[in-house]
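Okay, so here's the structure we're looking at.
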Amino acid sequence: MQTYCIVGPTASGKSAMALEIAEKIGGEIVSADSMQLYRTLDIGCAKPTKEEQRRVPHHLIDVLDIHEPCDIFRFLQLAEKALEDIRARGKVPVIAGGTGFYVKALLRGLDDLPGDRALREELEAEYAGEDGFSRLRERMKILDPGAFAKLSDCRRKLLRALEVRLVSGRSILDFQNGPRPLRFPVRAWSLVWPPELLRERIAQRTHAMLNAGWIDEAERTIAAGLLHTPTAHQALGYRLIGEHLAGNLSRAELEEKIIIATAQFARRQRTWFRHQHPEAAVLEMPQ
RNA sequence: AGGAGUGUAGCUCAGUUGGCCAGAGCAGCGGUCUCCAAAACCGCAGGUCGUGAGUUCGAGCCUCACCGCUCCUG
């Protein structure tokens, strides 16, 4: 049985298209969005409305508390279960999402890299200081020159490579086997907008979200500790709204900054989808 | 109208006593991506230095005129 998949940057119209397809074929939507996973991050993450969620069953929305951490494996665990359930019911999954890394991993799986959470935290602490990064680089330079050559600029990835090296005795590069095949048949589209047009949509949506109560929502979630959560704190806009509430940003400046941050995010997504999803047919938007 | 000030990348500005090819931050664009991905990281482009003339071997920096903007006084 076929599985559908729609990817695209934020504000590109994925949700609407997924809804349309799902209704037409009697499918169920699986959100592949790192932030819609979290409860109470509603307006700010442009979640489908309750009404839309009633029209078609949605999965992986509101499944985590903001204080819970999430990473690619947690997501895969949840998403694979959702796909399994949907198929068991004889329904068609319609994956829709803007978190490219998650979508790709769901479609193709990940290589089996060794890991050790506890060790990871130790290393994180060990290389935390001012000179931590240079010490990390020095160590990797001799321990795993290959990985160092490829990752030397990125602290986070170097750290992970060191973890793999220490756990397995081998380079992280040895575990990464290039492009993986799709794990199941999929019909996929990538929504592509002219940048200026998408930016305009982002601006309009941001304005509407702010007027729809996003500021109150942010105030509540910040009071609940959002800014100190392991993963959810990354959600765009909330921190800026906090600045606004603290009087450091005017309403106009707030809106402008959110639009810029969102457009920058959309650009990164654009780059990702352009290169990482050969299975997806490009759909020029609008229409 | 008179006086003072100002006019350098899309924006905010640096540019020493006139002399490397005019710089930065932000924005923009491109790229990477296998346990933080709404993240992390790498790279690129862009300026008739308001306009015109003059001084000088040489002017963004000096002189003059004009234009624009700002402030002050009437």
Side-chain angles (χ1 to χ4, degrees), chain A residues 7-12 14 31-38 41 44-47 64 66 68-78 97-121 123-124 133 136-137 147 149-164 167 171-180 183 194-196 198-199 202 205-206 209 218 226 228-241 253 256-277:
Chain A
V7 298
T10 187
S12 61
K14 297 183 295 291
S31 163
D33 184 301
S34 66
M35 291 301 150
Q36 291 188 0
L37 252 4
Y38 290 101
L41 265 33
C45 295
K47 272 180 199 160
L64 298 177
I66 57 170
E68 294 181 74
C70 185
D71 56 38
I72 185 74
F73 283 96
R74 184 75 197 279
F75 171 80
L76 282 179
Q77 205 178 334
L78 295 167
T99 304
F101 184 35
Y102 286 7
V103 177
K104 184 177 178 182
L106 182 56
L107 262 35
R108 297 170 186 277
L110 295 171
D111 289 315
D112 214 7
L113 304 203
D116 181 334
R117 203 103 221 170
L119 173 63
R120 188 127 201 267
E121 277 162 33
L123 294 173
E124 181 65 58
F133 188 34
L136 171 63
R137 290 168 57 114
K150 194 179 175 193
L151 309 169
S152 66
D153 286 324
C154 192
R155 177 199 148 79
R156 186 185 287 187
K157 287 169 185 169
L158 252 198
L159 211 51
R160 169 96 250 263
L162 174 59
E163 174 194 351
V164 170
V167 171
S171 170
I172 189 170
L173 268 25
D174 294 344
F175 296 92
Q176 300 177 330
N177 300 313
R180 312 179 106 254
R183 297 197 288 181
E196 327 77 55
L198 186 67
R199 192 185 182 90
I202 288 171
R205 194 182 69 173
T206 298
M209 281 162 42
L226 176 68
H228 307 288
T229 57
T231 308
H233 78 272
Q234 293 169 165
L236 279 176
Y238 291 85
R239 175 164 269 108
L240 286 170
I241 293 177
E253 290 170 328
E256 182 59 28
K257 280 182 185 287
I258 291 178
I259 290 169
I260 288 171
T262 306
Q264 292 176 330
F265 168 47
R267 183 162 57 74
R268 272 176 270 130
Q269 290 177 300
R270 194 191 307 156
T271 303
W272 175 279
F273 293 128
R274 197 143 56 193
H275 301 281
Q276 306 294 325
H277 291 263

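Values below: every heavy atom of this structure, side chains too, minus hydrogens, waters and symmetry copies. To find a chain, count down the sequence lines: A is the first, B the second, and so on, and within it residues start at 1. Keep in mind that what you see is a predicted model, and the values were worked out from it rather than measured.
- A/Asp112 comes within 4.0 angstrom of nothing in the nucleic acid, heavy atoms only.
- B/rC33 and B/rA14 have their C1' atoms separated by 36 Å, given to the nearest Å.
- Within the 3.5 Å criterion, the main-chain N or O of A/Thr99 finds no donor-acceptor partner in the side chain of A/Ser34.
- For A/Phe101, the side-chain atoms get nearest to B/rU34 when compared with the rest of B/rC29, B/rU34, B/rA27.
- OP1 or OP2 of B/rU32 sits under 4.0 Å from a side-chain N or O of A/His275.
- Between A/Arg160 and B/rC33 there is no side-chain polar atom (N or O) within less than 4.0 angstrom of OP1 or OP2.
- Rounded to the nearest Å, the gap between the P atom of B/rA59 and that of B/rG54 is 12 Å.
- Proximity of A/Leu41 to A/Leu226: side-chain heavy atoms (C-beta onward) are separated by under 4.5 Å at one or more points.
- The interatomic distance linking A/Arg274 (CZ) with B/rC33 (C1') rounds to 15 Å, in whole Å.
- Here B/rC35 presents its P atom at 14 Å from CG of A/Leu162, a figure rounded to the nearest Å.
- Between the C1' atoms of B/rC62 and B/rG18, the separation comes to 8 Å (whole Å).
- Here B/rC33 is the nucleotide among B/rC36, B/rC33, B/rU34 with the atom lying nearest to any side-chain atom of A/Gln276.
- Counting to the nearest Å, the P atom of B/rG31 and the CZ atom of A/Arg270 are 9 Å from each other.
- Within the 4.5 Å cutoff, side-chain heavy atoms of A/Leu158 are placed close to those of A/Phe133.
- Residue A/Thr99 has a polar side-chain atom (N or O) positioned under 4.0 Å from OP1 or OP2 of B/rA38.
- Take the nearest nucleotide of RNA chain B for A/Arg199 and for A/Ala46: the residue whose nucleotide is more 5' is A/Arg199.
- Distances were taken from every side-chain heavy atom of A/Lys157 (C-beta onward) to each of B/rU32, B/rC35, B/rG28; the shortest belongs to B/rU32.
- Distance alone, capped at 3.5 Å, is enough to place a donor-acceptor pair between the A/Thr231 side chain and the A/Cys70 backbone.
- A donor-acceptor contact under 3.5 angstrom links the side-chain atoms of A/Arg117 to the base of B/rC35.
- Residue A/Thr231 is in sugar-phosphate contact alone, with no base atom involved, counting any heavy-atom pair closer than 4.0 Å across all strands shown.
- Checked by atom type and distance alone, the side chain of A/Tyr38 pairs as donor or acceptor with a backbone atom of A/Glu68 at under 3.5 Å.
- Other residues, nucleotides and ligands place more than 12 heavy atoms under 6.0 Å from the CG atom of A/Asn177.
- Of the side-chain N and O atoms in A/Arg267, none sit less than 4.0 angstrom from OP1 or OP2 of B/rG31.
- By the 4.5 Å heavy-atom criterion applied to side chains, A/Phe75 and A/Phe101 are not counted as neighbours.
- Atom pair A/Phe175:CZ and B/rC33:P shows a separation of 19 Å (rounding to whole Å applied).
- A distance of about 24 Å separates the C1' atoms of B/rC61 and B/rC71, rounded to the whole Å.
- Spacing between B/rU56 and B/rC64 at atom C1', rounded to whole Å, works out to 16 Å.
- At the heavy-atom level, A/Gly97 lies nowhere under 4.0 Å from the strands shown.
- Comparing the P positions of B/rA22 and B/rC35 gives an interatomic distance of 45 Å, to the nearest angstrom.
- The separation of B/rU8 from B/rG3, taken at their P atoms, amounts to 24 Å, rounded to a whole angstrom.
- Counting only Watson-Crick and G-U wobble pairs whose two distances sit under 3.5 Å, RNA chain B takes part in these stems of three or more pairs: B:1-7 with B:67-73, B:10-13 with B:23-26, B:28-32 with B:40-44, B:50-54 with B:62-66.
- Here A/Tyr102 lies in heavy-atom contact (under 4.0 Å) with sugar-phosphate atoms only.
- In this structure, the CG atom of A/Asp71 is 12 Å from the C1' atom of B/rU34, given to the nearest Å.
- Side-chain atoms of A/Asp153 lie closest to B/rC42 of the nucleotides B/rA37, B/rC42, B/rU34.
- Using a 4.5 Å heavy-atom threshold, the side chains of A/Leu123 and A/Leu119 count as touching.
- Closest-nucleotide positions on RNA chain B for A/Asp116 and A/Cys154 were compared, and the one nearer the 5' end corresponds to A/Asp116.
- Going from atom CG of A/Leu159 over to atom C1' of B/rC35 covers 12 Å, rounded to whole Å.
- Distances shown here put every side-chain N or O of A/Arg156 at or beyond 4.0 Å from the OP1 or OP2 atom of B/rC33.
- Taking only side-chain atoms of A/Trp272, from C-beta outward, the nucleotide of B/rC33, B/rC36, B/rA38 with the closest atom is B/rC33.
- Following rounding to the nearest Å, A/Phe265 (CZ) and B/rC41 (P) show an atom-to-atom distance of 17 Å.
- Comparing B/rG28 with B/rC69, their C1' atoms are spaced 27 Å from each other, to the whole Å.
- For A/Glu121 and B/rC35, the CD to P distance is 16 Å, given to the nearest whole Å.
- Salt-bridge formation is not detected for the pair A/Arg199/A/Glu196: no Lys NZ or Arg NE/NH1/NH2 atom is positioned less than 4.0 Å from an Asp or Glu carboxylate oxygen.
- With sequence neighbours left out, the side chain to side chain contact (heavy atoms under 4.5 Å, CB included) criterion links A/Phe265 to A/Thr10, A/Leu236, A/Arg268, A/Gln269.
- Among the heavy atoms of the strands, none lies under 4.0 Å from A/Gly109.
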